[in-house]
Amino acid sequence: MTRKERDNRKTDRAWENVYQRLEKDGLLDHKEKSSIIPYGDMRRPPLWKIISATAAMLVFCIYLSTIYFNRTNKETDRNLLTRQNMETTTLATTLEDGSIVYLAGNAAIHYPEHFQADKREITLQGNALFDIAGNRQRPFLIETEDTRIEVLGTAFNVKSDNTQPFELSVQRGMVKVTLKQNGQDVYVKAGETVTLSSRKLEVSETKDHGQFATYVRQIRFKDERLADILRIINLNTGDIRFQTTPELEDRQLTVTFSDNSPESMAELICFALNLKCTRDKNLITLHEN
């Protein structure tokens, strides 16, 4: 057997393997399969057939990959909790780390039930005021449509709805804001505001200092722990403080306050939970009958 004949035989076996694979994948009918003859006695298949078969296999692989990644993303989404405010009053939510989120109307956050050991990460849609519990070992990360916000412990207001450019104003502490589009990052200190203008982050002095107080004039709690509600009230009232007994801290409550005095807030809570309140100077204690 000559070298050419040996090479032709090897080539015939290779083409036979290719056609078997195409037939297995349903890309070759039986008429075409039965017409296979040795390489030395035939011309190669038309180029367009090879290209078509290869393209079909690539499309199939891409289809399987898409199904896999979509399924993975859905599994991830199912593991996230969503807090959405469909009303005009502020919706206050306390996260597991003690951080407080004041959601404006038509705003929402997506967050895990339990944060990771090395970071606390959520997604924000719309406007919200954040009061972040300090933890340098677990930075708090907020994803918006245009930016990524990193904080350690601070209070700031984020405007990220579609009616105006992105804006963040820091009430206390410091915040790092990164523009997703080009990686630009800036540090914003208390009393400063960063604005997205012409695809660039610009830092300036905060002009509207009343924006923080607007979140707590009309505030709503939905299925929140009594201890968390009282903590938020204490953060936003004057000299009068609220407390309750340990056995009542986990009682859940849905209630709305609208420019209420501390006394009227105490009465609303007691009425809803069938409790009594006792005042000793500037301290109001909620307890059972």
Side-chain angles (χ1 to χ4, degrees), residues 76 79-83 85 90-104 107-161 165-196 200-216 219 224-225 227-237:
T76 301
N79 292 332
L80 293 178
L81 303 177
T82 297
R83 200 68 161 175
N85 186 11
T90 299
L91 179 62
T93 297
T94 300
L95 304 179
E96 70 158 357
D97 66 329
S99 297
I100 303 170
V101 184
Y102 302 85
L103 288 173
I109 54 172
H110 307 281
Y111 58 98
E113 183 178 0
H114 302 292
F115 289 120
Q116 298 182 33
D118 59 342
K119 62 182 178 180
R120 300 166 288 170
E121 192 168 16
I122 73 169
T123 301
L124 169 66
Q125 297 170 323
N127 302 340
L129 175 67
F130 290 86
D131 193 341
I132 303 302
N135 189 333
R136 292 188 174 276
Q137 285 70 43
R138 299 173 72 194
F140 198 99
L141 307 174
I142 304 171
E143 292 277 350
T144 71
E145 182 177 358
D146 297 311
T147 64
R148 183 175 176 85
I149 303 164
E150 180 177 349
V151 298
L152 298 176
T154 181
F156 54 94
N157 179 30
V158 180
K159 298 178 181 179
S160 64
D161 59 14
F166 170 85
E167 182 179 295
L168 181 147
S169 299
V170 179
Q171 186 178 28
R172 67 175 187 272
M174 180 181 292
V175 176
K176 178 183 177 182
V177 181
T178 302
L179 188 59
K180 292 181 179 179
Q181 186 179 41
N182 57 20
Q184 178 198 5
D185 54 49
V186 297
Y187 287 88
V188 191
K189 300 179 295 185
E192 292 182 339
T193 294
V194 59
T195 306
L196 178 58
K200 182 179 179 181
L201 295 173
E202 297 181 353
V203 180
S204 61
E205 183 180 349
T206 300
K207 296 179 179 179
D208 181 15
H209 292 279
Q211 60 182 292
F212 308 105
T214 59
Y215 282 90
V216 296
I219 189 169
E224 288 288 316
R225 294 173 63 247
D228 293 330
I229 294 176
L230 298 184
R231 175 169 166 257
I232 293 175
I233 292 175
N234 288 335
L235 288 173
N236 295 283
T237 54

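- Side-chain contact check for Arg83 versus Tyr111: some heavy-atom pair is nearer than 4.5 Å.
- A salt bridge between Glu143 and Lys180 is present, with a side-chain N of the basic residue lying under 4.0 Å from a carboxylate O of the acidic one.
- By the 4.5 Å heavy-atom criterion applied to side chains, Asn157 and Tyr215 are counted as neighbours.
- When all heavy atoms are compared, the tightest approach of Val170 to Met174 is CG1-N, 4.5 Å.
- For Ala133 against Ser99, the heavy-atom pair with the smallest separation is N-OG, 3.0 Å.
- The number of heavy-atom neighbours closer than 6.0 Å to CD of Glu202, taken from other residues, nucleotides and ligands shown, is above 12.
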task: Please report the C-alpha distance between Glu113 and Glu96 in whole Å, then the side-chain angles of each, then the deciding distance to 0.1 Å, and finally whether the side chain to side chain contact (heavy atoms under 4.5 Å, CB included) criterion is met.
output: CA-CA 8 Å; Glu113 183 178 0; Glu96 70 158 357; over 6 Å; no
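- Taking the side chain as every heavy atom from C-beta outward, Ile219 and Ile232 approach each other to under 4.5 Å.
- Judged by distance alone, the side chain of Arg138 and the main-chain N or O of Gln116 form a donor-acceptor pair under 3.5 Å.
- With Asn127 contributing its side chain and Ser160 its backbone, the two residues share a donor-acceptor pair below 3.5 Å.
- A donor-acceptor pair is defined here as one N or O able to donate and one able to accept, closer than 3.5 Å; such a pair exists between the side chain of Arg231 and the backbone of Gly98.
- Closest approach of Leu80 and Pro112 over heavy atoms only: CD2-N, 3.7 Å.
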field: Test log, rule salt bridge (Lys or Arg N to Asp or Glu O under 4.0 Å), inputs Glu167 and Lys207
entry: CA-CA 12 Å; Glu167 182 179 295; Lys207 296 179 179 179; over 6 Å; no
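- Under the 4.5 Å side-chain criterion, counting only non-hydrogen atoms from C-beta, Arg148 is in contact with Leu141.
- Taking the side chain as every heavy atom from C-beta outward, Ile132 and Arg120 approach each other to under 4.5 Å.
- Rounding to the nearest 0.5 Å places CG of Leu168 at 14.0 Å from NZ of Lys176.
- In terms of modelled atom types and a separation under 3.5 Å, the side chain of Thr206 and the main chain of His209 share no donor-acceptor contact.
- Here the side chain of Gln184 pairs no donor or acceptor atom with the backbone of Lys200 at under 3.5 angstrom.
- Under the 4.5 Å side-chain criterion, counting only non-hydrogen atoms from C-beta, Val158 is in contact with Phe166.
- Rounding to the nearest 0.5 Å places CD1 of Ile142 at 10.5 Å from CD of Glu121.
- In summary, the side chains of Tyr102 and Asn236 do present a donor paired with an acceptor at a separation below 3.5 Å, with no hydrogens or angles considered.
- Using a distance-only test at 3.5 Å, with no hydrogens or angles considered, no donor-acceptor pair links the side chain of Thr193 to the main chain of Glu205.
- Across all non-hydrogen atoms, the minimal contact from Thr178 to Gly183 is CG2-O, 4.0 Å.
- In this structure, Glu192 contributes its side chain and Val203 its backbone to no donor-acceptor pair below 3.5 Å.
- Residue Leu95 comes nearest to Phe115 through the heavy atom pair CD1-CZ, 3.9 Å, listed as atom of the first residue, atom of the second, then distance.
- In this structure the side chain of Thr94 never reaches within 4.5 angstrom of the side chain of Arg225, judged on heavy atoms.
- Taking both residues in full, the closest heavy atoms of Ile109 and Leu124 are given as CG2-CD1, 3.9 Å, listed atom of the first, atom of the second, then distance.
- A side-chain donor-acceptor contact under 3.5 Å links Asn85 to the backbone of Ala104.
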task: Determine, step by step, whether Val151 and Phe130 satisfy the side chain to side chain contact (heavy atoms under 4.5 Å, CB included) criterion, reporting the C-alpha distance in whole Å, the side-chain angles of both residues, the deciding distance to 0.1 Å, and the verdict.
output: CA-CA 10 Å; Val151 298; Phe130 290 86; over 6 Å; no
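- Going from atom OG1 of Thr144 over to atom CD1 of Ile122 covers 11.0 Å, rounded to the nearest 0.5 Å.
- How far CG of Asp185 is from CG of Leu201: 8.5 Å, rounded to the nearest 0.5 Å.
- Counting only heavy atoms from C-beta outward, the side chains of Phe156 and Val188 never approach each other to under 4.5 Å.
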